[in-house]
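None of the values given here were measured: they were computed from a predicted structure. Counting convention: from 1, in listed order, for ligands and their atoms alike.
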Amino acid sequence: MVQADAPAKHLWRNPLPLVLASKSQARRDLLTATGLPFECLDASIDERAVEDPLRRQGGQAADIAAHLARAKALAIGARRPDHLVIGADQVLSLEGALFSKPRDLDEAADHLARFSGKTHELHAALCVTRGGRVLFEGVPVARMRMRVLSPVFIKAYIEAAGTNALSSVGAYQLEHLGVHLFEEIEGDQSTILGLPLIPLLAFLRDEGSLLG
Ligand SMILES: Nc1nc2c(ncn2[C@@H]2O[C@H](COP(=O)(O)OP(=O)(O)OP(=O)(O)O)[C@@H](O)[C@H]2O)c(=O)[nH]1
């Protein structure tokens, strides 16, 4: 699916649209907001196969996220060798412990109880490739200070959020009910939602595909 009527297509200097290697609705919405023409393809890589060995070797959150973002971009790049392909991945870290998306609502509640009253980091890796070559990589970080959550609140929040709590790495969607969870946030909204747009657009301007 290519965004045919991209509102900012007049800013786009590349004859080919961008490709977003992602099944994430949040990432698709973020790239749509830029108004640039793009196609979405799900990389469908086995993230655990990439992540588990790195975790066993003591890999840090930023390194793991960067490996996964690169793997997604390169996997789709093999199908779109002439396009600029964007891969992204997010890893949450709390006091050295790494968290992926919760598998069920009980685990989502457990994650929130562990995050309660503490500051966790969201490492949002971005990778842009073309023709099998990595052209840009970055891992901006957001710092999320969560307020102290009572068990009663966590239960009510999970009931209200429902399965939306399973679609994001921190069991929250900041632009929806997740905003109730925080005391202070340090970082760009697009970094928190999983696709750091500021560094992406800066790269595209430097590379010449986007009008500067
Ligand atoms: N809507 C929303 N999504 C968030 C938020 N924080 C993190 N996410 C999403 O959480 C998901 C993190 O999981 P990943 O493994 O990086 O990505 P994914 O969902 O598997 O999607 P792929 O890009 O196809 O790998 C991404 O889809 C992020 O967009 C948020 O505050 N709001």
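At least one heavy atom of E47 sits closer than 4.0 Å to an atom of ligand 1. At least one heavy atom of K72 sits less than 4.0 Å from an atom of ligand 1.
Using a distance-only test at 3.5 Å, with no hydrogens or angles considered, no donor-acceptor pair links the side chain of Q60 to the main chain of A62.
Those atoms of ligand 1 with a heavy atom of A26 less than 4.0 angstrom away are 1 (N), 2 (C), 3 (N), 29 (O). Against a heavy-atom cut-off of under 4.0 Å, S168 is close to the following atoms of ligand 1: 3 (N), 4 (C), 5 (C), 6 (N), 7 (C), 8 (N), 9 (C), 10 (O). Atom numbering of ligand 1 starts at 1 in the shown order; those under 4.0 Å from a heavy atom of S167 are 9 (C), 10 (O), 11 (C).
Counting only N and O atoms by type, the side chains of S100 and E47 include no donor and acceptor under 3.5 Å apart.
Ring centers of F115 and F99: under 6.0 Å apart, within the cut-off.
With rounding to the nearest 0.5 Å, the separation of CG in L41 from CD1 in I76 is 5.0 Å.
No option in D46, L98, I64 other than I64 meets the side chain to side chain contact (heavy atoms under 4.5 Å, CB included) test with E51.
If you look at E175 next to ligand 1, the close heavy atoms, those under 4.0 Å, all belong to the side chain.
For ligand 1, the polar-atom distance check against G194 finds no nitrogen or oxygen pair separated by under 3.5 Å. Distances between N or O atoms of A21 and those of ligand 1 include no value under 3.5 Å. Polar contact check, S24 against ligand 1: a nitrogen or oxygen pair lies under 3.5 Å apart.
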